[in-house]
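To start, the structure under review is shown below, and the notes come after it.
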Amino acid sequence: MTIIASLLREAQLPDSPTARLDAELLLAAALGKSRSYLRTWPERIVGSEAAQVFQSYVARRREGEPVAYILGQQGFWSLDLEVAPHTLIPRPETELLVELALHCLPVEQARVLDLGTGTGAIALALACERAAWDVVAVDRVPEAVALAERNRARLGLGNVSVRTSHWFSALAGERFHLIVSNPPYIRSQDPHLSAGDVRFEPVSALVSGNDGLDDIRHIVAAAPEHLAPGGWLMLEHGYDQAAQVRELLARQGFEQIESRIDLGNHERVTLGRLAC
């Protein structure tokens, strides 16, 4: 017989700041219980079937597979989202983009576009907080579009439409009060691409040219044609790219340009407003 406390001790996940959390999440999922259950009942006996499921999860995690992909879900903002290997895993840093967007526009009606939506995380978080907003979420990957739509439907958010579009390609003639995006922004030769969880995530959602700015350049150049006068553009980017993104926005005629710092004290989001 195996008890909860023993299984957690024997998990032997790679040493990292999240090793204990990872083990608890995997065991809780195998048991169909919450993490608080594990701490309340550490001496509870675990059945052989659940123990085998847990061990299979642990084996995958030891190989570096992200917990989110193993469990097929990830928390973001106040939402639990389905995730899959063809989309980027939503990260806490991206919640800064949601916070800024919510403070940028009035609570009343507005039209918002989320470019490269992936799981739908940003669009769905905004739609959840602002029922009067009309949110459009686009992605060029059909599997991502289907996944975002499943998340939308499960959350019952009727103020979001999910579409297939490579950036603005299917949005001719449409304008928005706010455009947000967490586009690919990693340099093609960045050594981090071969380390950690990132190894398992789709390269197309991570890499954007030699300097990581190819997609951001495209978005900034095309955004004015799709923004209402006085509309905002907000972009997540790499920890060392803020100055370059501010320059791109300035060249395109944006005003009130600034960068905001994430929880790691990095300039993570840069925004600008189209002149009225």
Side-chain angles (χ1 to χ4, degrees), residues 76-77 79 88 90 94-141 144-145 148-149 151-152 155 157-185 205 208 213-237 245-246 248-260 268-276:
F76 180 81
W77 199 248
L79 312 175
L88 197 68
T94 303
E95 293 187 356
L96 174 61
L97 202 58
V98 175
E99 292 176 10
L100 293 173
L102 292 174
H103 285 93
C104 189
L105 294 180
V107 176
E108 56 263 25
Q109 291 184 341
R111 199 153 190 260
V112 177
L113 172 63
D114 175 20
L115 290 170
T117 196
T119 61
I122 298 169
L124 297 174
L126 293 176
C128 181
E129 297 290 340
R130 297 288 185 265
W133 287 7
D134 173 22
V135 182
V136 177
V138 303
D139 203 290
R140 70 184 178 93
V141 178
V145 173
E149 173 57 25
N151 280 324
R152 184 210 64 77
L155 293 167
L157 294 171
N159 57 330
V160 182
S161 61
V162 185
R163 309 185 204 168
T164 302
S165 181
H166 186 197
W167 304 131
F168 298 101
S169 64
L171 301 170
E174 297 191 54
R175 289 188 179 268
F176 302 87
H177 299 97
L178 169 66
I179 298 174
V180 296
S181 184
N182 176 20
Y185 54 73
S208 187
L213 292 169
D214 284 1
D215 288 299
I216 288 178
R217 287 191 190 91
H218 175 80
I219 292 170
V220 171
E225 295 183 14
H226 296 276
L227 280 169
W232 290 90
L233 174 62
M234 295 185 182
L235 299 165
E236 180 173 330
H237 49 69
V245 177
R246 289 195 297 269
L248 289 171
L249 288 168
R251 288 179 183 175
Q252 203 60 41
F254 282 87
E255 302 174 344
Q256 300 181 41
I257 299 167
E258 59 180 311
S259 299
R260 296 294 184 89
R268 182 62 62 182
V269 173
T270 295
L271 58 151
R273 191 174 193 180
L274 190 67
C276 295

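Side chains included, hydrogens not; waters and symmetry mates left out as well; all remaining heavy atoms used.
- Remark: of the listed residues L102, N159, V112, L102 is the sole one forming a side chain to side chain contact (heavy atoms under 4.5 Å, CB included) with R130.
- Considering every non-hydrogen atom in both P224 and Q252, the closest pair reads CG-CG, 3.7 Å.
- Evaluation of the side-chain hydrogen bond (donor to acceptor under 3.5 Å, both in side chains) rule for R152 yields E149 as partners, not counting sequence neighbours.
- When every heavy atom of A223 is checked against every heavy atom of F254, the shortest pair comes out as CB-CZ, 4.3 Å.
- Between L227 atom CG and L274 atom CG the span is 5.5 Å, to the nearest 0.5 Å.
- To the nearest 0.5 Å, atoms NE2 (H166) and CG (D139) are separated by 9.0 Å.
- Rounding to the nearest 0.5 angstrom, the gap separating the CD atom in E236 from the CZ atom in R268 is 6.0 Å.
- Taking a 6.0 Å sphere around CD of Q256, one finds it holds more than 12 heavy atoms contributed by other residues, nucleotides or ligands.
- A donor-acceptor pair is defined here as one N or O able to donate and one able to accept, closer than 3.5 Å; such a pair exists between the side chain of R273 and the backbone of G230.
- Here the straight-line distance linking atom CD of E95 with atom CG of L100 works out to 12.0 Å at 0.5 Å rounding.
- When all heavy atoms are compared, the tightest approach of V145 to R163 is CG2-O, 3.6 Å.
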Go through it in stages, so that I can follow the logic: the residues are H218 and W167, the test is side-chain contact (heavy atoms from CB on, under 4.5 Å), and I'd like the CA-CA distance, side-chain angles, deciding distance and then a yes or no.
CA-CA 9 Å; H218 175 80; W167 304 131; 3.4 Å; yes
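- Note that CG of L126 is 7.0 Å distant from CG of L178, once rounded to the nearest 0.5 Å.
- Residues V136 and R111 are in side-chain contact: their nearest non-hydrogen atoms beyond the backbone lie under 4.5 Å apart.
- Across I219, I179, L115, a single residue satisfies side chain to side chain contact (heavy atoms under 4.5 Å, CB included) together with L235, and that is I219.
- For the atom pair OG of S181 and CD1 of I216, the computed distance is 8.0 Å after rounding to the nearest 0.5 Å.
- Formation of a donor-acceptor pair under 3.5 Å by the H237 side chain with backbone atoms of V245 is not found in this model.
- Taking each heavy atom of W133 and A101 in turn, the nearest pair found is CH2-O, 3.6 Å.
- Of the residues T119, L155, V135, T117, the one that meets the side chain to side chain contact (heavy atoms under 4.5 Å, CB included) test with L124 is L155.
- Residue D114 forms a side chain to side chain contact (heavy atoms under 4.5 Å, CB included) with just one option from V138, N182, V180, and that option is V180.
- Between L157 and C128, the shortest heavy-atom distance links the atoms CD2-CA, 4.0 Å.
- Pairing each heavy atom of L105 with each of A110, the nearest pair is CD1-CB, 3.8 Å.
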